[in-house]
Chemist: 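Got a structure for you, written out below as structure tokens; questions coming shortly.
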Amino acid sequence: MAVTRAGSGKSRDVVRRPAAKVVSENSPTQADEPARVLQIRAGERPAEHVPLILESMGAGDFHLIDSGDGAKLEQYGPYRIIRPEAQALWPKALPAHVWDKADAIFTGDTDEDGMGRWRFTREALGETWPLSLLGVDFLGRFTAFRHVGVFPEQIAHWRWMKEQIEGHGRPLKVLNLFGYTGVASLVAAAAGAEVTHVDASKKAIGWARENQALSRLEKAPIRWICDDAMKFIQREERRGSRYDIILTDPPKFGRGPNGEVWQLFDHLPAMLDICREILAPKALGLVLTAYSIRASFYSIHELMRETMRGRGGLVESGELVIREAGLDGKTPGRALSTSLFSRWVPK
């Protein structure tokens with residue numbers, strides 16, 4: 001199944017291929033993986049906590065300044081950026097002269113899946129600029145799919161993961177599927193985890209390797225795997241590999257390096273089923289996020305509970321939101337919904 005975000009707007013084909021080599025477990029001559037039969041689970045379903053709203057008001061070099069009229073004004077390090085945001089149905093709270101001081105505005109196709117371009121209001125900005133979140137340094141980049149290399153709504157999950165890793169006396173094993181530019185992988189590694197990062201795009205992994213160097217984590221135990229996510233986890237299941245924390249952030253649609261097609265509603269049940277099989281006996285969490293889909297969080301919530309039948313624990317599901325923080329980054333405003341999520345944790 002595919003692991004690029006070609007259909008989600010979160011493109012991973014936006015950077016140069018680096019000189020550094022990455023591990024590839026996928027090749028045109030490799031035989032197709034056998035079809036995986038979805039298991040019908042027995043036992044009690046886990047307890048549930050719904051709805052759970054995980055909120056962030058920013059961290060490090062990021063915060064949401066204002067939103068409204070179908071747009072959002074964000075601070076990424078030294079730059080103020082305006083991007084389309086269909087969820088911002090309300091009027092803007094801050095006056096026009098604040099928005100007029102934005103350094104970059106994404107224009108063109110306003111659909112989440114569409115491409116466009118950036119307009120720089122005063123002067124052309126560099127291709128990259130340094131950013132920091134949760135103690136990890138990385139590069140921001142203006143991409144044709146409106147994104148800049150990090151999805152800050154995930155801060156809530158990353159903080160949770162960081163606490164789990166730092167709170168244990170042994171190195172935890174973390175699997176990051178659809179890992180994109182590696183910020184989550186670097187947060188996990190910096191906290192002391194052994195990380196396996198999987199993405200189909202060599203360019204995205206190249207960006208992640210740049211971020212690794214910028215964060216001075218070259219010696220951290222990170223495996224950078226360029227492969228199709230479904231094929232990789234099927235092999236991990238056969239190998240008997242186990243992970244303490246699994247993050248999976250699939251697109252709603254995508255294509256893999258050899259033309260594989262990923263459809264979220266078709267392939268997600270099998271993906272979660274395999275993820276369950278490669279969780280360690282004393283695993284600490286399985287985290288799923290879903291963007292830009294026409295579904296209730298209850299859909300992925302019930303899927304997660306069925307998947308984890310007989311495993312005990314708790315499934316908590318809801319939405320990730322970012323709260324406006326004003327010009328100073330400290331003044332709470334309205335909450336902007338960004339994605340759905342479901343997370344299994346042991347009790």
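Computed over heavy atoms, backbone and side chain alike; hydrogens, waters and symmetry mates excluded.
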Chemist: Can you tell which of E302, H301, M308 makes a side-chain contact (heavy atoms from CB on, under 4.5 Å) with M304?
Modeler: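 One option only clears the test, and that one is M308.
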Chemist: If we count only N and O atoms by modelled type, under 3.5 Å, do the side chains of E153 and S339 hold a donor and an acceptor together?
Modeler: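 Note: E153 and S339 side chains miss the donor-acceptor criterion.
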Chemist: Hey, are the side chains of L288 and P250 touching, using non-hydrogen atoms and a 4.5 Å cut-off?
Modeler: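 A side-chain contact exists here, since the closest heavy-atom pair is under 4.5 Å.
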Chemist: Taking salt bridge (charged side-chain N to carboxylate O under 4.0 Å, His left out) as the definition, give me every residue that meets it alongside D103, ordered by chain and number, with sequence neighbours left out.
Modeler: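 Checked D103 against salt bridge (charged side-chain N to carboxylate O under 4.0 Å, His left out); matches are R122.
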Chemist: For a quick test of reading the model, state the closest non-hydrogen atom pair linking P171 to E194 and the distance between them.
Modeler: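 Closest approach of P171 to E194: CB-OE2, 4.0 Å.
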Chemist: Does L320 sit in a hydrophobic cluster with other residues, and if so which ones, taking ILVMFWY side chains as linked at heavy-atom separations under 4.5 Å, directly or through other members?
Modeler: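 Joined to L320, directly or through intermediates: L52, L54, F341.
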Chemist: According to salt bridge (Lys or Arg N to Asp or Glu O under 4.0 Å), does anything in residues 50-65 pair up with another residue at least two apart or in another chain? List the pairs.
Modeler: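 Of all non-adjacent pairs touching residues 50-65, those that pass salt bridge (Lys or Arg N to Asp or Glu O under 4.0 Å) are E55-R323.
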Chemist: Is any side-chain heavy atom of T307 closer than 4.5 Å to one of P269?
Modeler: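 Of all side-chain heavy-atom pairs linking T307 with P269, none is under 4.5 Å.
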Chemist: Got L272 and E306 here, is their nearest side-chain heavy-atom distance under 4.5 Å?
Modeler: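 No, their side chains stay 4.5 Å or more apart.
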Chemist: Which residues pass the side-chain hydrogen bond (donor to acceptor under 3.5 Å, both in side chains) test with K72, sequence neighbours left out?
Modeler: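 Counting only residues at least two positions away or on another chain, K72 forms a side-chain hydrogen bond (donor to acceptor under 3.5 Å, both in side chains) with E85.
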Chemist: Which pair of non-hydrogen atoms, one from C275 and one from I233, has the smallest distance, and what is that distance?
Modeler: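 Shortest heavy-atom contact: SG-CD1, 4.4 Å.
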Chemist: Which heavy atom of G68 sits nearest to which heavy atom of A88, and what is that distance?
Modeler: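 Between these two residues, the closest heavy atoms are N-CB, 3.6 Å.
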Chemist: Can you find a heavy atom in the side chain of R170 that is under 4.5 Å from one in the side chain of D244?
Modeler: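 Sidechains of D244 and R170: in contact.
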Chemist: Does anything in residues 337-347 form a salt bridge (Lys or Arg N to Asp or Glu O under 4.0 Å)? List the pairs, not counting sequence neighbours.
Modeler: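 Passing the test, one end in residues 337-347: E316-R343.
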Chemist: Is a side-chain N or O of Q212 found less than 3.5 angstrom from the main chain of L217, in a donor-acceptor match?
Modeler: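 Yes, the answer is positive, given that a donor and an acceptor are paired below the 3.5 Å cut-off.
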Chemist: Please name all residues satisfying salt bridge (charged side-chain N to carboxylate O under 4.0 Å, His left out) with R216, sequence neighbours left out, ordered by chain then number.
Modeler: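 Applying salt bridge (charged side-chain N to carboxylate O under 4.0 Å, His left out) to R216 gives D137.
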Chemist: I'd like to check the ring-ring contact (aromatic ring centres under 6.0 Å, His included) partners of W129; sequence neighbours left out, ordered by chain and number.
Modeler: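 By the ring-ring contact (aromatic ring centres under 6.0 Å, His included) rule, W129 matches Y79, F142.
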Chemist: According to side-chain hydrogen bond (donor to acceptor under 3.5 Å, both in side chains), who are the partners of S342, at least two apart in sequence or on a separate chain?
Modeler: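 Once residues adjacent in sequence are excluded, the partners of S342 under the side-chain hydrogen bond (donor to acceptor under 3.5 Å, both in side chains) criterion are S317.
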Chemist: Please examine the side chains of I81 and W118, heavy atoms only from C-beta on, and report whether any two atoms are closer than 4.5 Å.
Modeler: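 Yes, side chains in contact.
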Chemist: Are side-chain heavy atoms of L336 and R334 found at a separation under 4.5 Å?
Modeler: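 L336 does not reach R334 side chain to side chain.
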Chemist: Is there a side-chain contact between Y180 and D249 (heavy atoms, below 4.5 Å)?
Modeler: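 Answer no - side chains too far apart.
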Chemist: Can you tell me which residue among E236, R235, K173 is in a side-chain hydrogen bond (donor to acceptor under 3.5 Å, both in side chains) with S241?
Modeler: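 With S241 as partner, E236, R235, K173 yield a single side-chain hydrogen bond (donor to acceptor under 3.5 Å, both in side chains), made by E236.
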Chemist: Who clusters with I53? Use side-chain heavy atoms, under 4.5 angstrom, across I, L, V, M, F, W and Y, and order the result by chain and number.
Modeler: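 The other cluster members (ILVMFWY side chains, heavy atoms under 4.5 Å, direct or chained) are V321.
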Chemist: Could you list who else is in W99's hydrophobic cluster, with ILVMFWY side chains joined at under 4.5 Å, directly or through other members?
Modeler: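 W99 clusters with I65, L73, I82, L94, V98, I105, L327.
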Chemist: Name every donor-acceptor pair, under 3.5 Å, that has one atom in a side chain of residues 157-168 and the other anywhere in the protein, sequence neighbours excluded.
Modeler:
unit_1: K162; atom_1: NZ; unit_2: E166; atom_2: OE2; d: 3.0
unit_1: H168; atom_1: ND1; unit_2: Q164; atom_2: O; d: 2.8

Chemist: From the options I246, L284, I245, select the one residue that forms a side-chain contact (heavy atoms from CB on, under 4.5 Å) with V174.
Modeler: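 So the option named by the test is I245.
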Chemist: In terms of heavy-atom contacts, does CD of E44 have more than 12 from other residues, nucleotides or ligands at under 6.0 Å?
Modeler: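 Counting other residues, nucleotides and ligands, CD of E44 stays at 12 neighbours or fewer.
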Chemist: Mind checking whether F138 and T181 have side chains closer than 4.5 Å, heavy atoms only?
Modeler: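 Answer no - side chains too far apart.
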Chemist: Enumerate the salt bridge (Lys or Arg N to Asp or Glu O under 4.0 Å) contacts for residues 276-293, please, sequence neighbours excluded, ordered by first and then second residue.
Modeler: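 Qualifying pairs: R41-E277.
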